[in-house]
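Before any comments, here is the structure.
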Amino acid sequence: MSEPTTRVAVCPGSFDPITRGHEDIVRRSLRLADRVVVAVAHSPTQAKKGMFGIEERVEMIRESFADEPRVEAAEFQGLLVDYARRIGAGVVVRGVRTVADFEYEMQMALMNRRISGGLETVFLAPDPEHSFVTGTLVRQVAQLGGDVSPFVSGPVLRRIRAAIRP
Ligand code: PNS
């Protein structure tokens with residue numbers, strides 16, 4: 001059996017919505033892999049709580065990377081490790097912004113490695129300009145009338161404005 005290739009990376013997340021911070025990590029990961037699959041985790045509980053449905057999150061990723069043929073947007077259900085195996089991804093890429101992020105990320109990376117029998121995770125540091133940007137904060141600021149234009153791409157901003165329009 002051949003080893004899974006590291007040429008395909010999976011960048012999983014909830015992406016509700018994708019932010020410039022996520023985009024930065026995905027573009028950086030193109031230096032490590034030939035193809036990057038940005039995969040929205042499909043979970044009924046997450047979908048209910050979020051601002052956008054899964055389909056729309058995927059569309060926003062597609063729109064944000066319309067210029068980059070090596071980036072693919074997708075959704076998945078179930079375990080990330082099973083999805084990674086199905087698409088032939090040899091590595092998971094996650095951005096780590098803060099020490100607080102690191103603890104959670106390390107737990108996930110170790111669990112994923114254990115239950116998959118060896119799937120590796122690579123942590124990438126974002127541009128410091130994006131180090132405080134999270135999907136949760138973007139949603140909150142937007143819902144309360146703040147300007148989130150510096151934190152998301154044009155297509156995402158348009159959808160946020162449509163979503164919160166009274
Ligand atoms: O953007 P998020 O919410 O920090 O992403 C978390 C995500 C989607 C990467 C994580 O919850 C995940 O991998 N979910 C898929 C289900 C799974 O494999 N869970 C076990 C993780 S150890």
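FYI, side chains are in, hydrogens and waters are out, and symmetry mates aren't considered; it's all heavy atoms of this structure. The structure displayed is predicted, hence computed values, not measured ones. Both ligands and their constituent atoms are indexed starting at 1 by order of listing.
Aromatic rings from F52 and F15 are positioned such that their centres are separated by 6.0 Å or more.
For R161, the CZ atom is loosely surrounded, since the number of other residues' heavy atoms within 6.0 Å does not exceed 12.
Residue F15 places no heavy atom under 4.0 Å from ligand 1. For the ligand labelled ligand 1, residue R94 lies inside the 4.0 Å heavy-atom shell. Residue G135 places every heavy atom at 4.0 Å or more from ligand 1. In this structure, Y83 falls outside the shell of residues with a heavy atom less than 4.0 angstrom from ligand 1.
Taking every heavy atom of Y104 and a limit of under 4.0 angstrom, the matching atoms of ligand 1 come to 4 (O), 6 (C). Set against the non-hydrogen atoms of L80, the atoms of ligand 1 under 4.0 Å away are 13 (O), 17 (C), 18 (O). Which parts of ligand 1 touch M111 is read off a 4.0 Å heavy-atom cut-off, strictly below it: atoms 22 (S). When each atom of ligand 1 is checked for a heavy atom of G78 under 4.0 Å away, the hits are 15 (C), 16 (C). Residue contact check: A41 has heavy atoms under 4.0 Å from atoms 8 (C) of ligand 1. Each of the following atoms of ligand 1 lies closer than 4.0 Å to a heavy atom of L79: 17 (C), 18 (O). Listed by number with element, the atoms of ligand 1 under 4.0 Å from a non-hydrogen atom of F76 are 15 (C). Against a heavy-atom cut-off of under 4.0 Å, G13 is close to the following atoms of ligand 1: 1 (O), 5 (O), 8 (C).
Side-chain contact check for R159 versus E59: some heavy-atom pair is nearer than 4.5 Å.
The shortest non-hydrogen separation linking P126 to D24 is CA-OD2, 3.3 Å. Listed here is the closest heavy atom pair of V40 and S14: CG1-O, 3.8 Å. Across all their heavy atoms, A33 and V36 have their closest contact at CB-CG2, 4.3 Å. Nearest heavy atom pair, residue D16 against residue R139, reads O-NH1, 2.6 Å.
By the criterion of a heavy-atom distance under 4.0 Å, both the backbone and the side chain of S14 are placed next to ligand 1.
By the rule that hydrophobic residues join a cluster once side-chain heavy atoms approach within less than 4.5 Å of another member, V133 and L137 end up as members of separate clusters. Note: the hydrophobic cluster containing V8 also contains F76 (ILVMFWY, side chain heavy atoms under 4.5 Å, direct or indirect links).
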